[in-house]
Participant: 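This is the structure, below, for whatever I ask next.
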Amino acid sequence: MDTVELARFLIGKTLVHDLPHVRLSGRIVETEAYLVGDAACHAFRGVTPRNRTLFLERGHAYVYFIYGNHFMLNVSGQREGIGEGILLRGLEPLEGIDWMQLHRAEKPSRRGRGNRSADSADKKAAPLTELSRGPGRLAAALRITRSLDGVDLCAKGPLWLGTEAKPTGEIGVSVRIGIRVEAHRLLRFYERGNPFVSGPRRLNS
DNA sequence: CGGCTGATGATCT
DNA sequence: GATCATCAGCCGG
């Protein structure tokens, strides 16, 4: 299975983050593949301190921080030494939804630190469909931080991938979102009609 | 809903 | 110093 096949395979699978007090989980409904020779891929210019986990064997987490605000979760997609990966962009919440809402209200600097009240005071609760729609929200809801960079998602541990929780619908394909280079490649995959898929409507037909 | 803008800091050149 | 795989808030249609 190559990285594109894995990107499609991951749609409908369960992503789980076990915290000491609660299990957070959801169905993956949107992914994007980033490949060798792809200028939009973080591995394009070779190994650096930031992207080294993208070169781990298929199924490891590559977590990075961007725009001063957001973590992104990727799954490495190739054999060790080859930098390809899959960005997880949309999640349909299953377990721990009330906790996810709290995590969304926390600032990144306070996230992953067991602080549950300071930042979440009187914010109006967003609609459920916005909870984990988009890569930044997904990571925030599941409390994914840099400390999970490099973990094996197929092994016993705090963050792991499970089997599908219910039948997976039809998979749509589109260009990737939010990149300036290689913007024409059809490497985004999503479950058609699922409200937890991000992006403009025109890409989600 | 779609389009625009500012926030915010790590990373690499 | 420029860039960036984003988001919330705001505005117009």
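Below, read A as the first sequence line, B as the second, and so on, with proteins coming before strands; counting in each chain starts at 1.
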Participant: Could you check whether any side-chain N or O of A:N204 sits under 3.5 Å from a backbone N or O of A:R201, counting only pairs where one atom can act as donor and the other as acceptor?
Facilitator: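 Not at all, since once roles are kept as given, no pair shorter than 3.5 Å links the two residues.
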
Participant: Determine yes or no for a side-chain-to-main-chain donor-acceptor pair under 3.5 angstrom, with A:S76 supplying the side chain and A:G59 the backbone.
Facilitator: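 Checked: pair present.
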
Participant: Which listed nucleotide (B:dA7, C:dC7, C:dA5) is nearest to the side chain of A:N69?
Facilitator: B:dA7

Participant: In whole angstroms, how far is the C1' atom of B:dG9 from the OH atom of A:Y64?
Facilitator: 14 Å

Participant: Decide, yes or no, whether a salt bridge links A:E170 with A:R192 under the criterion of side-chain N to carboxylate O below 4.0 Å.
Facilitator: yes

Participant: Is A:R89 close enough to C:dT6 that one of its side-chain N or O atoms is under 4.0 Å from OP1 or OP2 there?
Facilitator: yes

Participant: Using modelled atom types and a 3.5 Å cut-off, is there a donor and acceptor pairing between side-chain atoms of A:R176 and backbone atoms of A:L186?
Facilitator: no

Participant: Do the side chain of A:N74 and the main chain of A:G85 share a donor and acceptor less than 3.5 angstrom apart?
Facilitator: no

Participant: Round to the nearest Å and state the distance from A:F71 atom CZ to B:dT8 atom P.
Facilitator: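 Taking CZ of A:F71 and P of B:dT8, I get 15 Å after rounding.
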
Participant: Has A:H17 got a side-chain atom pairing as donor or acceptor with A:L142's backbone, closer than 3.5 angstrom?
Facilitator: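 Yes, the answer is positive, given that a donor and an acceptor are paired below the 3.5 Å cut-off.
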
Participant: Does OP1 or OP2 of B:dC1 have a side-chain N or O of A:R202 closer than 4.0 Å?
Facilitator: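 No, no such contact exists.
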
Participant: Report the nucleotide, chosen from B:dG2, C:dA5, C:dT6, that has the shortest atom-to-atom distance to any side-chain atom of A:H70.
Facilitator: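 Side chain of A:H70 sits closest to C:dT6.
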
Participant: Is the Lys NZ or Arg CZ of A:R133 less than 6.0 Å from the centre of A:F196's six-membered ring, within 45° of the axis?
Facilitator: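 No, A:R133 and A:F196 do not form such a contact.
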
Participant: Grab the CZ-P distance between A:R137 and C:dG9 for me, whole Å please.
Facilitator: 10 Å

Participant: What contact category does A:G68 fall into here, base, sugar-phosphate, or nothing, at under 4.0 angstrom with non-hydrogen atoms?
Facilitator: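 Base, at least one base heavy atom under 4.0 Å.
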
Participant: Could you tell me the separation between the NZ atom of A:K107 and the C1' atom of C:dT6, rounded to a whole number of Å?
Facilitator: 18 Å

Participant: Between A:I177 and A:R104, which has a closest nucleotide on DNA chain C that is more 5'?
Facilitator: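 Closest to the 5' end, via its nearest nucleotide, is A:I177.
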
Participant: Given C:dA5, is OP1 or OP2 found less than 4.0 Å from the side-chain N or O atoms of A:R180?
Facilitator: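 No.
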
Participant: Find the distance A:R201:CZ to C:dG13:C1' and express it as a whole number of Å.
Facilitator: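 So the two atoms are 16 Å apart, to the nearest Å.
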
Participant: Whole-Å distance between C:dA5 P and A:D38 CG?
Facilitator: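 About 11 Å, once rounded to whole Å.
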
Participant: For DNA chain C, produce a single dot-bracket line, 5' to 3'. Pairs: Watson-Crick or G-U wobble, both distances under 3.5 Å. Symbols: ( ) within strand, [ ] crossing, | other strand, . unpaired.
Facilitator: ||||.|||||||.

Participant: Any carboxylate oxygen within less than 4.0 angstrom of a Lys/Arg side-chain nitrogen, looking at A:R58 and A:E84?
Facilitator: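 Answer for the salt bridge query: no.
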
Participant: Could you pull out the protein-nucleic contacts involving nucleotides 10-13 of chain B (nitrogen or oxygen on both sides, under 3.5 Å)?
Facilitator:
residue	atom	partner	partner atom	Å
B:dT11	OP1	A:R146	NH1	3.1
B:dT11	OP1	A:R146	NH2	3.0
B:dC12	OP1	A:T48	OG1	2.2

Participant: So, the side chain of A:T31 versus the backbone of A:L88: is there a donor-acceptor pair under 3.5 Å, distance only?
Facilitator: no

Participant: Roughly how many Å is it from CG in A:L131 to P in C:dT6, rounded to a whole number?
Facilitator: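 One finds 18 Å between P of C:dT6 and CG of A:L131, rounded.
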
Participant: Say whether, by atom type as modelled, one donor and one acceptor occur between the side chain of A:R104 and the main chain of A:E130 under 3.5 angstrom.
Facilitator: yes

Participant: Rounded to the nearest Å, what distance is computed from the CD1 atom of residue A:I179 to the P atom of nucleotide C:dC4?
Facilitator: 11 Å

Participant: Using a 4.0 Å heavy-atom cut-off across all strands, classify A:R188 as base, sugar-phosphate, or nothing.
Facilitator: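 Answer is nothing: A:R188 stays at 4.0 Å or more from every strand.
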
